[in-house]
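Note sheet for the following structure.
Predicted model only: the values in this text are computed from it and were never measured.
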Amino acid sequence: MADWRERFLEEQRLTPAYLRGATRYFEPLAAELAGRRRRREGTLTVAVNGSQGSGKSTLCAYLREVLAHEHGLSCIDLSLDDFYLTRAEREALAAEVHPLLRTRGVPGTHDTGLLRETLKRLAGNGRVAVPRFSKADDDRLPAEQWSRVDAPVDVVLLEGWCLGARSVAAAELSEPINELERDEDAQGRWRNYCNDRLRTHYEPLYDSFDCWVMLAAPAFEQVLRWRTEQEEKLRIARGGAGSGLMDEAALRRFVAHFERHTRHCLAQLPSRCDVVLSLDERRSIVSLRGLPAPAAPPES
């Protein structure tokens, strides 16, 4: 029978080279999380921040497998994306507050109440329904299509690009940070709404996490390159242009929605995280904080 690592590479469509970094950095991280879980009562809840395209979803999937196969712990990896408000709810916000809230992603477009309740249930007992979101349909899937898991779960991993972002003083929002804010949010209603939601809905949620991990991009400018690579992979997978794919101009506008909060996270979040894995432009880990230094890889 194939080793679970081989199956993981196949399922995630990764090359064997991925394992060199994963075994050197991610498996010690999994061991640290397993140790933390065994030193406490109940579920260990871990927040994972990483900008778009940084590889946080793959990291969490790998940690899930290591925790299960090497440490005998039940684990579920969740995405903040699965807790987006429904399309109808975002349409209502777009009409009542600001049109930019129609686009999912920024603080204020997640159902933090549903997230809080789901985390509570995963630490409880019984069968738990876990929400799922369809990006193809831009809407939450019907409840009958949600995943079901048995609680309590030993380790819950939650990843999200804006997870850990905090509100700022209103004065910091007065100047637009890019063309999107300048041209489509001249009065600042959108960015002030997002900022207010961070303070009232997201920051109180952060206290429920036991450990914080960050995959830190080298700079915001790299995020657009990574997001462009993701779009190109989708284009190839679909055999060329297709519905839902964005051209360069659309991609730039899309990423501009997240620029302010991504820059804030890159500048402020590392000092508040337990473990920080710093990435270079190729997503290779170049430095580590919060874990013992990994052993040097064997010479080839």
*Is a side-chain donor or acceptor of Asp82 paired with a backbone partner of Phe133 at a separation under 3.5 angstrom?*
yes
*To the nearest 0.5 Å, how far apart are SG in Cys162 and NE2 in His110?*
5.0 Å
*Looking at CD of Gln145 and CZ of Arg132, how far apart are the two atoms once the value is rounded to the nearest 0.5 Å?*
12.0 Å
*Which value, rounded to the nearest 0.5 Å, describes the distance between Leu251 atom CG and Arg253 atom CZ?*
12.0 Å
*asked:* Between Glu10 and Glu6, is there a side-chain heavy-atom distance shorter than 4.5 Å?
replied: no
*asked:* Parallel, tilted or perpendicular, judged at 30° and 60°: which one describes the rings of His257 and Phe254?
replied: tilted
_Is it the case that the side chains of Ser208 and Arg116 hold a donor-acceptor pair, with the cut-off being a distance below 3.5 Å and no angle test?_
no
*asked:* Contact between Ile177 and Phe220 at the side-chain level, heavy atoms closer than 4.5 Å - yes or no?
replied: no
*Please walk me through it: do Arg166 and Arg272 pass side-chain contact (heavy atoms from CB on, under 4.5 Å)?*
CA-CA 11 Å; Arg166 291 184 176 271; Arg272 298 197 295 268; 3.6 Å; yes
*Mind listing the closest non-hydrogen atom pair of Val286 and Asp280 along with its distance?*
CG1-CB, 3.7 Å
*Has the side chain of Arg289 got a donor or acceptor atom that lies under 3.5 Å from a matching backbone atom of Cys273?*
yes
*Can you tell me how far the CG atom of Leu224 sits from the OG1 atom of Thr262, to the nearest 0.5 Å?*
11.5 Å
*Would Ile285 and Leu279 count as a side-chain contact (heavy atoms from CB on, under 4.5 Å) if you check the C-alpha gap in whole Å, the side-chain angles of each, and the deciding distance to 0.1 Å?*
CA-CA 5 Å; Ile285 299 171; Leu279 308 176; 3.8 Å; yes
*What about Leu93 and Leu80, same hydrophobic cluster or not, with Ile/Leu/Val/Met/Phe/Trp/Tyr joined at side-chain heavy-atom distances under 4.5 Å?*
no
_Using side-chain heavy atoms (C-beta onward) and a distance below 4.5 Å, is Phe8 in contact with Thr58?_
yes
*Expected output: side-chain Tyr206 to main-chain Ala165 donor-acceptor under 3.5 Å*: yes
_Glu259/Arg263 ion pair, N-O < 4.0 Å_ = yes
*asked:* Counting only heavy atoms from other residues, nucleotides and ligands, does the tally under 6.0 Å from CZ of Arg121 exceed 12?
replied: no
*Measuring from Arg64:CZ to Leu78:CG, what's the distance to the nearest 0.5 Å?*
10.5 Å
*Do Leu114 and Leu198 sit in the same hydrophobic cluster, where Ile, Leu, Val, Met, Phe, Trp and Tyr count as joined when their side-chain heavy atoms come under 4.5 Å apart?*
yes
*In terms of hydrophobic clustering (I, L, V, M, F, W, Y; side-chain heavy atoms under 4.5 Å; direct or indirect links), are Leu67 and Phe26 co-clustered?*
yes
*asked:* The test is side-chain contact (heavy atoms from CB on, under 4.5 Å); show your working for Leu163 and Val48 and say whether it passes.
replied: CA-CA 7 Å; Leu163 202 58; Val48 180; 5.9 Å; no
*Step by step, work out the side-chain contact (heavy atoms from CB on, under 4.5 Å) result for Leu266 and Met214.*
CA-CA 9 Å; Leu266 289 175; Met214 183 179 190; 4.0 Å; yes
*Between Gly42 and Arg40, what is the shortest heavy-atom contact and its length?*
O-NE, 3.6 Å
_Pairing of Arg36 and Asp210 as salt bridge, 4.0 angstrom limit_ = no
_Checking the side chain of Arg148 only, and the main-chain atoms of Trp146 only, is there a donor and an acceptor separated by less than 3.5 Å?_
yes
*Answer yes when Glu221 and Arg225 have at least one side-chain N-carboxylate O distance shorter than 4.0 Å, and no when they do not.*
no
*Mark yes or no for whether Asn49, through its side chain, and Trp161, through its backbone, hold a donor-acceptor pair below 3.5 Å.*
yes
_To check you understand the geometry: which heavy-atom pair defines the closest contact between Phe209 and Val46, and what is its length?_
CD2-C, 4.0 Å
*Grab the two heavy atoms, one from Arg191 and one from Ala186, that are nearest each other, plus how far apart they are.*
NH2-O, 4.3 Å
*Counting only N and O atoms by type, is there a donor-acceptor contact under 3.5 Å from the side chain of Trp226 to the main-chain atoms of Glu281?*
yes
*Any donor-acceptor N/O pair, Thr86 side chain to Glu89 backbone, under 3.5 Å*: yes
_Main-chain N/O of Gly290 paired with Asp274 side-chain donor or acceptor, under 3.5 Å_ = no
*Could you point out which residue of Ile76, Thr45, Leu44, Leu73 forms a side-chain contact (heavy atoms from CB on, under 4.5 Å) with Val153?*
Ile76
*Would you call Arg260-Glu172 a salt bridge at under 4.0 Å N-O?*
no
*Give a yes-or-no answer on whether the side chains of Tyr193 and Arg197 include a donor-acceptor pair shorter than 3.5 Å.*
yes
*Look at the side-chain heavy atoms of Ile, Leu, Val, Met, Phe, Trp and Tyr, link any pair under 4.5 Å apart, and say whether Val213 and Tyr18 land in one connected group.*
yes
*Would the number of heavy atoms belonging to other residues, nucleotides or ligands and lying under 6.0 Å from CD of Glu41 be above 12?*
no
*asked:* Using side-chain heavy atoms (C-beta onward) and a distance below 4.5 Å, is His71 in contact with Val155?
replied: no
*Taking side chain as C-beta onward, heavy atoms only, is Leu33 less than 4.5 Å from Leu29?*
yes
*Search all heavy atoms of Asn195 against all heavy atoms of Ser167 and return the closest pair with its distance.*
OD1-CA, 3.2 Å
*Does a side-chain heavy-atom distance below 4.5 Å link Leu63 with Asp77?*
no
*Return yes if a side-chain donor-acceptor contact under 3.5 Å exists between Glu184 and Trp190, otherwise no.*
no
*asked:* Within the 4.5 Å heavy-atom criterion, are Thr23 and Tyr62 side-chain neighbours or not?
replied: yes
_So Ser54 and Gln222, do their side chains get closer than 4.5 Å, heavy atoms only?_
no
*Does Tyr84 offer a backbone N or O that forms a donor-acceptor pair with the side chain of Arg140 under 3.5 Å?*
yes
*Looking at Asn125 and Pro152, what are the two nearest heavy atoms and their distance?*
OD1-CD, 3.5 Å
*Would you say the side-chain atoms of His264 and Gln268 include a donor-acceptor pair closer than 3.5 Å?*
no
*Under 4.5 Å between side-chain heavy atoms, hopping through other hydrophobics if needed: is there a path connecting Val106 to Leu173?*
no
*So how far is it from Leu59 CG to Glu159 CD, rounded to the nearest 0.5 Å?*
9.0 Å
_Under a 3.5 Å distance rule, please check whether Asp139 uses its side chain to pair with a backbone N or O of Arg87 as donor and acceptor._
yes
